[in-house]
Structures are given as structure tokens and as C-alpha cells.
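One structure is given here, and the rest of the page talks about it.
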Amino acid sequence: MTSIVLASGKGGVGKSTITLNLGLVLAMAGKKVTVVDADIAMANLGLMLGIDRAPITLHNVLSGENDVLDAVYEGPNNLRYVPAGLSLDKVENVDHARLKNAVKTLDTKNDFVIVDSPPGLGDDALAAIECASEMILIVTQEPSSLADVLKVKGLAEKRGIKIRGLIINRSLNDKSEVSVQDIETAMNLPVLVIIPEDIEVRRSGALQVPVVVRAHNSPFSKSMVKLAALLLGQKIDSNPTQKRPGLFAGISAFFARLFSKKQ
Ligand SMILES: Nc1ncnc2c1ncn2[C@@H]1O[C@H](COP(=O)(O)OP(=O)(O)O)[C@@H](O)[C@H]1O
Ligand SMILES: [Mg+2]
């Protein structure tokens with residue numbers, strides 16, 4: 001139905017973290033979701049899920065050995081994922097152009113396909129830019145992150161790719177940062193969500209349990225719910241003292257159930 005690639009140019013801005021946790025929230029909301037780790041050089045998603053070996057991966061798909069449907073695995077909370085694979089020697093044999101067809105195939109079987117893209121502007125990153133029906137750009141409030149994402153935006157526009165908007169991640173709400181308004185103006189794109197710097201993200205990385213699963217009330221998790229609601233076309237009330245109808249209430253209840261199970 002909808003395929004979205006998360007891109008940034010720069011590494012370390014939160015693409016993999018957001019791909020996984022956004023995918024989980026959409027899956028928790030009852031959607032059929034597959035996340036694809038297209039960063040075959042780094043293969044982060046499997047590590048973030050605590051799964052480090054899979055017999056068939058995106059590697060095999062891009063080298064023409066397997067169909068993408070053979071590389072889909074069940075993750076937590078009904079999320080499906082396509083791991084990148086960990087063996088570096090095969091990176092040379094891949095045809096990155098195959099990514100687009102793989103995503104198309106997955107798209108026919110899912111409500112959402114979310115693709116985590118590699119950093120830089122190499123063949124792998126360029127293939128990722130073109131693989132989905134739309135793109136969301138992720139930036140931090142640092143000048144270097146903005147310079148890189150502007151390049152990606154230019155490349156995407158040249159290829160006629162729809163850019164839905166921007167995610168600002170790791171916001172410190174500090175005067176030393178490039179302001180949200182300046183980013184919006186420079187990029188000429190709407191800001192979909194501002195995600196604060198959140199210690200729970202690091203903790204989750206170390207524990208190999210996704211943030212929205214183990215810290216559902218953290219600022220990061222709340223941002224993921226907001227983003228998911230936006231993609232589902234639902235409005236949520238950001239005022240936490242009021243009753244939140246619809247999706248947000250549903251996900252909150254889901255989180256509450258998960259949480260109570262652990263206690
Ligand atoms: N909102 C956040 N708050 C704190 N740490 C974050 C946040 N988003 C990402 N990180 C951390 O930043 C690092 C890079 O994130 P990652 O998702 O791997 O980025 P990318 O995929 O863009 O390279 C990781 O250590 C991750 O835990
Ligand atoms: Mg990554």
C-alpha cells in the first residue's frame with residue numbers, strides 16, 4: 001500500500017532506530033508492516049532486535065539468489081522484517097537496482113513497508129532513495145546534518161520522488177542548535193515530528209529491546225506514536241491531560257497491557 005524510505009545522507013541521525021520503532025507502533029496499531037534493512041554494510045536492524053543470524057537476507061535478494069519473500073522474518077508484535085545480512089564479502093556481488101522490485105513486491109503484501117537506508121551517497125544509498133513510493137528525511141539540528149540532507153533532497157527531487165516531510169531527531173531544545181524554523185525554511189519541507197534526545201533510546205540499544213516495547217511512555221515512544229498517527233491520517237491530541245481518542249488510546253492501552261505483563 002505505502003512504501004516509505006527514511007533517508008538522511010548523514011549517518012548516526014536515527015534512521016535505523018526510527019524505522020524499527022515506527023514499524024512496531026504501526027504493527028501494534030494493527031497494520032501489516034514490513035521493515036527492510038537496506039543498509040547492508042552495517043546491518044543494524046537485526047542487532048537492534050537481538051537477532052544476528054538469518055539464513056536468507058537482503059544480501060541474497062540483491063545478488064539474485066532469492067526472492068524477497070524468502071527473506072521476510074517475524075519480529076516482535078507482528079512486525080515483519082527483512083534483515084540486511086552480516087557477511088561483508090557478498091556486498092560486492094549485489095545489484096542494488098533489485099531493491100526497487102523487492103520493495104514493490106513487499107508493498108503488495110503490506111499496509112506499510114518502511115525502508116532503512118544506508119548513509120552517504122553511494123550506489124546503495126542512491127538505490128534506497130529510489131526504492132519506495134515516498135521518502136521521509138531525518139535531520140538533527142546540526143549544520144552538517146542539514147548540508148547532507150539537502151543533497152539527498154536534491155537527488156530525490158531530480159528523480160521525481162515524493163518527499164512527505166522531515167523528522168527532526170535528537171532535539172535538545174537548546175539555543176546552540178539550528179532552529180526548527182530555520183530548518184523548515186532551508187529545507188522547504190514540513191516538519192512531521194520533533195523527537196527529543198532521550199536516554200531510553202541508548203538504553204534500548206544496549207539491551208537490544210526496542211524503545212517502544214520497553215519504555216512506552218518515554219518521549220521517544222510518544223513521538224513514534226505521533227508519527228504513526230500522522231501516517232495513518234489520524235489526529236492525536238498532544239495534550240496529555242485530556243482523553244486521547246482513536247489510535248492513540250488504542251496504542252496506549254496496548255502499551256499498558258504490555259507493561260503490566262512485565263510486572
Ligand atoms: N532520540 C534519540 N535520543 C537519544 N539517542 C538517539 C536518538 N535517536 C537515535 N539515537 C542514538 O543515536 C545513534 C545512531 O542511531 P541510528 O538509528 O543507528 O542512526 P542511523 O541509522 O541514522 O545511522 C544510536 O546510538 C541511537 O541509540
Ligand atoms: Mg542505520
Side-chain angles (χ1 to χ4, degrees), residues 4-25 35-52 57-59 75 79 81-86 88 91 99 114-122 124-129 131-132 135-142 144-153 166-174 177-178 180 183 191-228:
I4 304 170
V5 58
L6 302 189
S8 67
K10 194 173 190 285
V13 298
K15 290 181 297 295
S16 302
T17 311
I18 295 169
T19 300
L20 175 62
N21 286 281
L22 174 64
L24 276 167
V25 173
V35 293
V36 180
D37 190 349
D39 189 357
I40 55 174
M42 293 306 288
N44 271 328
L45 285 188
L47 288 178
M48 288 164 71
L49 284 165
I51 302 159
D52 47 12
T57 66
L58 190 68
H59 254 148
L79 179 72
Y81 76 103
V82 176
L86 285 180
L88 278 173
V91 171
L99 182 63
I114 306 174
V115 183
D116 180 19
S117 68
L121 294 171
D124 52 352
L126 292 178
I129 284 173
C131 78
M135 170 185 272
I136 293 177
L137 292 170
I138 304 179
V139 291
T140 58
Q141 287 165 279
E142 298 160 299
S144 65
S145 150
L146 282 174
D148 285 356
V149 87
L150 272 168
K151 283 183 213 152
V152 177
K153 182 184 181 233
L166 282 177
I167 294 173
I168 297 179
N169 190 23
R170 308 194 73 163
S171 178
L172 299 169
N173 210 1
D174 186 273
E177 297 176 309
V178 183
V180 170
I183 292 177
V191 173
L192 305 175
V193 66
I194 302 168
I195 308 173
E197 176 76 19
D198 183 347
I199 184 74
E200 292 300 343
V201 180
R202 249 163 228 252
R203 290 190 182 132
S204 292
L207 294 167
Q208 294 184 300
V209 181
V211 196
V212 297
V213 172
R214 54 163 289 280
H216 57 274
N217 268 326
S218 65
F220 181 88
S221 295
K222 286 180 178 163
S223 302
M224 288 302 103
V225 172
K226 194 174 168 198
L227 185 58

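Computation of the quantities below employed the complete heavy-atom set of this structure, encompassing side-chain atoms and omitting hydrogens, waters and symmetry-equivalent molecules. Read the numbers this way: they start at 1 and go in the same order the structure lists the ligands and their atoms. Please read these numbers as outputs of a predicted model, since none were measured by experiment.
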Roughly how far, to the nearest 0.5 Å, is [atom2] of [Y] from [atom1] of [X]?
X: D124; Y: L58; atom1: CG; atom2: CG; answer: 11.0 Å
X: S117; Y: M135; atom1: OG; atom2: CE; answer: 7.0 Å
X: T17; Y: D198; atom1: OG1; atom2: CG; answer: 11.0 Å
X: K15; Y: L20; atom1: NZ; atom2: CG; answer: 14.5 Å

Polar-atom distance check: [X] versus ligand 1, any N or O pair below 3.5 Å?
X: R202; value: no
X: I195; value: no
X: V13; value: yes

Test side-chain contact (heavy atoms from CB on, under 4.5 Å) applied to L6 and I114, step by step: CA-CA 7 Å; L6 302 189; I114 306 174; 4.2 Å; yes

Among protein heavy atoms, which sits nearest to [atom], and what does the distance come to when rounded to 0.1 Å?
atom: atom 27 (O) of ligand 1; answer: V201 CG1, 3.4 Å
atom: atom 3 (N) of ligand 1; answer: D198 N, 2.9 Å
atom: atom 8 (N) of ligand 1; answer: N169 ND2, 2.9 Å
atom: atom 13 (C) of ligand 1; answer: R170 NH1, 3.8 Å
atom: atom 19 (O) of ligand 1; answer: G14 N, 2.9 Å

[X] near ligand 1 by a heavy-atom separation under 4.0 Å:
X: P196; value: yes
X: P119; value: no
X: G12; value: yes

Crowding at CG, N173 (>12 non-hydrogen neighbours, <6.0 Å):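 Counting other residues, nucleotides and ligands, CG of N173 stays at 12 neighbours or fewer.
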
For the student: nearest non-hydrogen atoms of L47 and Q208, plus distance: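 Shortest heavy-atom separation between L47 and Q208 comes out as O-NE2, 2.8 Å.
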
With a 3.5 Å distance limit and no angle check, can you tell me whether [X] reaches the backbone of [Y] through a side-chain donor-acceptor pair?
X: D39; Y: A84; value: no
X: S223; Y: I195; value: no
X: D37; Y: L45; value: yes
X: E177; Y: S171; value: no

Residues S144 and E142: side-chain donor-acceptor under 3.5 angstrom: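 No, E142 and S144 have no side-chain donor paired with an acceptor closer than 3.5 Å.
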
Ligand-side contact atoms (ligand 1) for residue partner F220, heavy atom cut-off under 4.0 Å: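 Near F220, meaning under 4.0 Å from one of its heavy atoms, ligand 1 has 1 (N).
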
Contacting atoms of ligand 1, where contact means under 4.0 angstrom from a heavy atom of K15: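 Contacts of ligand 1 toward K15, numbered from 1: 17 (O), 19 (O), 20 (P), 21 (O), 22 (O).
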
Heavy-atom proximity to atom 15 (O) of ligand 1, best of I18, I138, T17: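 It is T17 whose heavy atom sits nearest to atom 15 (O) of ligand 1.
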
Protein heavy atom under 4.0 Å of atom 24 (C) of ligand 1: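 So far as the 4.0 Å threshold goes, atom 24 (C) of ligand 1 is out of reach of every protein heavy atom.
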
Count, waters excluded, of protein N, O or S atoms under 2.8 Å from the Mg ion (ligand 2):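 My tally for this metal is 1.
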
Contacts of S204 that satisfy side chain to side chain contact (heavy atoms under 4.5 Å, CB included) - sequence neighbours left out: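 Applying side chain to side chain contact (heavy atoms under 4.5 Å, CB included) to S204 gives V211, R214.
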
